[in-house]
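In the text below, chain A, chain B and the rest are named by the order of the sequence lines, each starting its count at 1.
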Amino acid sequence: MIFDNKLIQQRIEKAKLLKEYGFNPYANNSQRNTTVEKYINVNGDIFEKENKRDANRHYIVSGRIKFLRIMGKASFAKIEDESGMLQVYIARDNLPEGFYNNIFKKNIEVGDIIEVGGYPFVTGKGELSLHVDDLKLLTKAIAPLPEKFHGITDKEVRYRKRYLDLIMNSEVRRTFAIRSRVISLTRRFFEEKGFLEVETPMMHPIAGGANAKPFVTHHNALGVDRYLRIAPELYLKRLIVGGFEAVFEINRNFRNEGMDATHNPEFTSIEFYWAYKTYKDLIEITKEYFHYLFNHLDLPTLLPYGDMEVNFGNFREIPLIKSLSEIGGVPEDIVCDKGKILEYLRSNNLEANEAMNLGQLQGELFDAFVEAKLIDPTFITEYPVEISPLARRSDDNPAITERFELFIAGREIANAFSELNDPVDQLERFEAQMDAKACGDDEAHEMDSDFVEALSYGMAPTAGQGIGIDRLVMLLTNEHSIRDVLLFPAMKPLPQQCDNSNEENA
RNA sequence: GUCUCGUUAGCUCAGCUGGUAGAGCACGUCACUUUUAAUGAUGUGGCCGAAGGUUCGAAUCCUUCACGGGACACCA
C-alpha cells in the first residue's frame with residue numbers, strides 16, 4: 001500500500017483529528033487577497049514606520065509551509081506561494097483560545113498549505129513579516145517533504161516526481177517560466193512577421209521529412225498503422241504549394257531512438273517555410289529572432305553557458321570549407337582532396353573511412369575540428385551536396401547547397417536551406433532513399449508520392465528552417481541536460497510502476 | 001550500443017582489509033513569545049535496489065539483472 005509509511009500514517013491521523021475538531025483539512029474557502037510578492041512590494045514602507053508595523057493594514061496570504069520554528073507560545077513559519085516566500089509570525093495570544101496549542105502546534109506542519117491573515121511588521125532581525133491573527137489549513141500534506149536544507153538532489157527523483165522538484169527547488173520554476181516565454185515570444189515574432197501558425201498532423205501514414213525511426217500506433221477505425229510524426233516538413237511544404245507564403249508550426253516531433261542529455265523521444269521544434277525567399281533571408285530573420293528573444297527576455301548579450309561565454313552580439317557567417325582551415329586549423333591544401341583528408345584524419349588518430357565521399361569527409365573534418373570551437377553564433381553555409389539530401393543545389397556551384405546550420409556554444413541549434421522544389425529531382429532522391437532502405441538503412445526516407453505530386457503542381461521557391469526549442473532553452477537557461485528543460489522527461493518505467501498500472505487497468 | 005560511477009531511514013549522507021545498521025534533518029514527547037537550516041533534552045524509525053553465489057558469518061567480496069548519473073559512438 002502506498003500510504004503505509006509510518007510518517008504518512010501519522011499525518012493521516014492528524015488530518016482525521018482536525019476533522020473531528022471541526023476543521024476541514026482540505027478546505028476550499030480561500031480568502032486570499034494578495035500574493036507574497038505583492039505583499040512584500042506594497043509593504044516596503046513598514047521599515048520606516050514607528051514600531052516598524054502598521055496594525056491598520058490587513059492582508060490574507062496563502063502558501064505552503066516550508067519552514068516552521070515553534071518556540072513555545074510563539075512560532076515563525078515561512079510560507080511560499082508561486083511568487084515567493086514570506087515569513088509569518090504566529091503567537092498564541094493572537095489566535096482563538098486553545099487553537100495555537102491544540103490545533104496549530106499539534107496538527108499543522110511543514111508541507112501543509114495554509115492561509116494566514118494579519119498585518120505587516122518588521123522583526124527584530126529586520127525581516128518584513130506578517131503578524132498573524134487568523135490562520136486556517138487549506139490543504140493537509142500527508143507526505144513529508146524532503147529535507148529542508150539539501151532538498152531533493154537525486155536527479156532520478158527530480159525527473160520522475162517533477163512536482164517534488166518544483167516544491168523543493170524553486171529556481172527550477174524559473175527555467176520553465178523562461179521556456180514558456182521563449183515559446184510565446186517565438187510565436188509572437190513569427191506572427192508579427194506575417195507568418196501563419198498552422199497545425200499539421202501528428203499521425204502520419206508515411207513518416208517523412210527526416211532520417212529517423214518513427215513510433216508506430218494503430219488506428220482501429222481504419223484498421224491501419226499510423227506513425228507519430230518525425231517532422232512536419234512535408235506537410236508544411238504542401239501548404240506552400242497550396243498558396244500560403246509564410247507558415248510556421250511549433251510542436252512536438254517523435255523519434256524512436258536513443259535517449260541522452262540532448263535527446264528525448266518527444267521534442268519540440270519550430271519549423272517555418274517562407275516563399276520567395278532564400279537561405280540568405282533566413283540568416284537575416286534568424287539574427288532578428290535572437291535579437292527579439294534577448295530583448296524580451298532581458299538576457300545579457302554575453303551569456304554564460306557552462307564554462308563558456310557566448311557573445312550574442314557577434315553573429316558570424318562562414319562557408320563550411322573555409323571554416324575547416326580558418327577555424328579548424330586544417331591545412332588549406334588538403335580540404336578538397338579526398339586522399340589528403342584521409343591521411344590527415346589518420347594522423348590525428350581519427351577514423352578514416354575510405355568509403356566516404358569528399359563531402360562526407362569534409363563533414364567529418366568539420367565535426368572533429370570546427371564544431372566545438374563555434375562558441376559565438378556562427379552560420380556555417382555552403383554545405384557539400386553529399387551531406388545535404390534535402391537542400392537545393394547552388395545555381396553557381398553544383399557541389400554545394402544553399403544551406404546553413406547555426407552553431408552556438410559548440411552545438412547545432414538550427415538547420416535551414418533553400419528548399420528543393422524540382423519534382424523530378426525530388427522523385428529521384430526518394431527513389432535513391434528507397435534503394436538505401438532496401439539495402440538495410442532503416443532510417444532512410446519513405447517514398448511519399450503524394451508529396452511529389454504536390455510539388456508537381458509547383459512550389460514557389462521557398463526557404464525553410466527548423467530550430468530545436470528544447471536545445472535553445474538549454475542554451476538560454478544554462479542547462480546541460482534536455483531533461484532539465486522538459487517538465488516530464490521520458491524515463492524508463494520502474495518495475496513497481498508496471499505492477500501498479502496493471503492493477504489500475506484490471 | 002560501449003565504458004564508468006551510483007542505488008543504505010521520508011530526505012541528505014557515513015559505514016575501512018567481511019563480525020549485531022550510523023549521523024544530521026524530518027517525525028513523537030518535553031522546555032522555550034522576535035526566530036532565520038531556531039535552540040536544548042529525549043525517543044521512534046531500515047527487505048542496505050533485486051536475485052543468485054562465496055563464507056561459520058555479506059550493506060561490504062563475486063555474478064547476473066533493474067533503474068539512474070556521467071563520458072564516448074549515432075541522430076535534432
### Query
So, Ser418(A) versus Glu402(A): side-chain donor-acceptor pair below 3.5 Å or not?
yes
### Shortest side-chain distance from Lys14(A), nucleotide among G28(B), A26(B), A73(B)
G28(B)
### Query
Does C25(B) have OP1 or OP2 sitting under 4.0 Å from an N or O in the side chain of Arg69(A)?
no
### Message
From the set G69(B), A37(B), U35(B), return the single nucleotide nearest to any side-chain atom of Lys155(A).
### Response
G69(B)
### Task
For G70(B) versus U29(B), give the span between their P atoms, rounded off to a whole number of Å.
42 Å
### Message
Please give the distance between the C1' atoms of A50(B) and U7(B) as a whole number of Å.
### Response
11 Å
## Note on the structure
On RNA chain B, more 5' by nearest nucleotide between Val110(A) and Arg92(A) is Val110(A)
### Message
To the closest 0.5 Å, what do you measure between CG (Asp470(A)) and CD (Glu479(A))?
### Response
12.5 Å
### Query
When you compare A37(B) with C61(B), how far apart are their C1' atoms, in angstrom units rounded to a whole number?
39 Å
### Query
Any N or O donor-acceptor pair linking the side chain of Thr123(A) to the base of U35(B) at under 3.5 Å?
yes
### Query
Given the C1' atoms of U17(B) and U55(B), what is the spacing between them in whole Å?
16 Å
#### Entry: Side chain of Lys6(A) (C-beta onward), nearest among A26(B), U34(B), G45(B)
G45(B)
### Query
Can you tell me how far C1' in A23(B) sits from the matching atom in U8(B), rounded to whole Å?
13 Å
### Query
Across all strands, who's sitting opposite G57(B) as a Watson-Crick or G-U wobble pair, both distances under 3.5 Å?
none
### Message
Please tell me if Arg158(A) has a side-chain N or O lying less than 4.0 Å from either OP1 or OP2 of G68(B).
### Response
no
### Query
Any side-chain N or O of Lys125(A) under 4.0 Å from OP1/OP2 of U36(B)?
yes
### Donor-acceptor pair between Thr381(A) and Glu317(A) side chains, under 3.5 angstrom
no
### Task
Return the nearest nucleotide to the side chain of Lys106(A); candidates are C30(B), U12(B), U36(B).
C30(B)
### Query
Between A51(B) and A38(B), how far is it from one P atom to the other, in whole Å?
39 Å
### Task
Assess the side chains of Tyr159(A) and Asp484(A): does a donor N or O sit below 3.5 Å from an acceptor N or O?
yes
